[in-house]
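Report on one structure; see the data block that follows.
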Amino acid sequence: MQNDSQARRFFSTNPDVCLVVRPDGTIAQSNLAAERVFGAGVRQGAPLGELGALSAAYEEVHEGGEPSVFDCSLRERDGGRAPYVCVAWRAEGDEIYVALRPKGHLDVSELKRVEQELLAKMELIHKQQQVIKDLGIPIIQVWDQVLTLPLVGVVDSARAADVMENLLQTVVQTRARFAILDLTGVDLVDTATAAHLLQMINAIRLMGAEGIITGIRPTVAQTMIGLGLDMSTTTTLASLRDALKLCIRRMSSS
């Protein structure tokens with residue numbers, strides 16, 4: 001968890017404007033410098049189109065992590081426009097990492113130095129974001145052939161997709177018979193995510209294991225019921241303890 005907090009602190013307190021942009025062109029994360037310069041235009045979920053020139057450059061970022069360096073003129077929160085040096089690249093998960101620094105009156109050699117600094121900074125931020133991402137999906141083998149995935153916080157569609165990918169890989173690697181999704185720490189899911197969780201259970205079943213959901217909170221239950229999702233074939237239990245007892249019972253009987 002120390003790496004997690006260090007990574008978040010590095011991103012949030014970085015003096016350069018730093019953004020993480022989702023594949024759909026909306027902003028997934030912005031640091032304090034970005035919010036100070038651009039205001040609500042870089043809030044989480046805002047379309048990158050609100051930053052104008054940066055949106056057009058987003059489409060040109062090379063696939064596979066090759067960085068792009070370019071100049072752009074952006075409208076700041078006070079309404080004025082200012083020139084920026086921008087470095088961006090597409091990460092493995094198709095997220096775009098962006099760093100911006102005011103161009104000011106930099107000469108050619110200074111611009112080159114700034115570009116190299118921003119490239120190095122973006123590489124470090126990307127690595128640290130991966131640390132956060134990995135720590136955010138703690139798949140634990142609590143018993144022989146039994147996996148548990150305790151989820152905490154708000155689970156959006158992007159996070160649910162990451163969870164599914166990691167969980168299915170671990171089911172294969174450990175030859176697990178049971179995979180428990182513990183939602184005790186989840187306060188909210190969006191409608192797309194609720195459907196995604198059931199798809200995850202179905203995918204686990206297709207791989208020869210059984211998926212169990214535990215600790216569903218009232219708000220999450222209401223979302224699932226409101227969608228009309230069929231939960232009749234999904235095992236749901238009140239707590240992780242109950243799920244472990246069920247798994248042990250079934251393995252003993254077989």
Side-chain angles (χ1 to χ4, degrees), residues 1-62 65-104 106 110-111 113-137 152-159 162 188:
M1 293 305 293
Q2 183 178 3
N3 287 338
D4 185 357
S5 61
Q6 287 176 344
R8 292 182 190 276
R9 188 165 58 251
F10 176 84
F11 183 88
S12 63
T13 61
N14 200 302
D16 290 309
V17 171
C18 298
L19 304 171
V20 180
V21 184
R22 299 187 184 98
D24 64 1
T26 59
I27 294 173
Q29 194 173 356
S30 59
N31 68 349
L32 295 175
E35 294 167 11
R36 186 170 58 250
V37 174
F38 298 111
V42 293
R43 68 187 184 279
Q44 187 173 7
L48 194 62
E50 292 190 14
L51 294 182
L54 197 58
S55 179
Y58 166 83
E59 303 297 335
E60 300 175 5
V61 176
H62 303 297
E66 184 69 23
S68 292
V69 181
F70 51 89
D71 296 337
C72 58
S73 176
L74 302 176
R75 188 180 302 279
E76 299 179 338
R77 67 185 304 170
D78 61 5
R81 301 190 72 87
Y84 283 84
V85 179
C86 176
V87 171
W89 80 68
R90 191 181 301 273
E92 291 85 346
D94 273 349
E95 287 182 327
I96 299 290
Y97 288 76
V98 179
L100 297 162
R101 184 175 294 184
K103 189 173 180 181
L106 299 176
E110 288 175 321
L111 279 173
R113 176 183 57 78
V114 168
E115 288 175 6
Q116 293 303 316
E117 283 183 9
L118 291 176
L119 282 170
K121 192 166 290 185
M122 279 290 92
E123 183 177 2
L124 179 57
I125 287 174
H126 177 231
K127 288 178 179 178
Q128 293 185 328
Q129 291 290 321
Q130 286 299 117
V131 170
I132 293 172
K133 186 176 177 181
D134 292 341
L135 288 171
I137 309 175
V152 178
V154 176
V155 180
D156 58 15
S157 299
R159 188 179 178 203
D162 290 335
L188 184 69

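- For Asp16 (side chain) and Ala99 (main-chain N/O), no donor-acceptor pair under 3.5 Å exists by modelled atom type.
- Across every non-hydrogen atom of Val37 and Val17, the tightest pair is CG2-CG2, 4.2 Å.
- Atoms CZ and CD1, from Phe38 and Ile27 in turn, are 9.5 Å apart once rounded to the nearest 0.5 Å.
- Residue Ala34 comes nearest to Cys18 through the heavy atom pair CB-O, 4.1 Å, listed as atom of the first residue, atom of the second, then distance.
- Considering CG of Leu74 and CZ of Arg81, their distance stands at 7.0 Å, rounded to 0.5 Å.
- A donor-acceptor pair is defined here as one N or O able to donate and one able to accept, closer than 3.5 Å; such a pair exists between the side chain of Arg77 and the backbone of Glu35.
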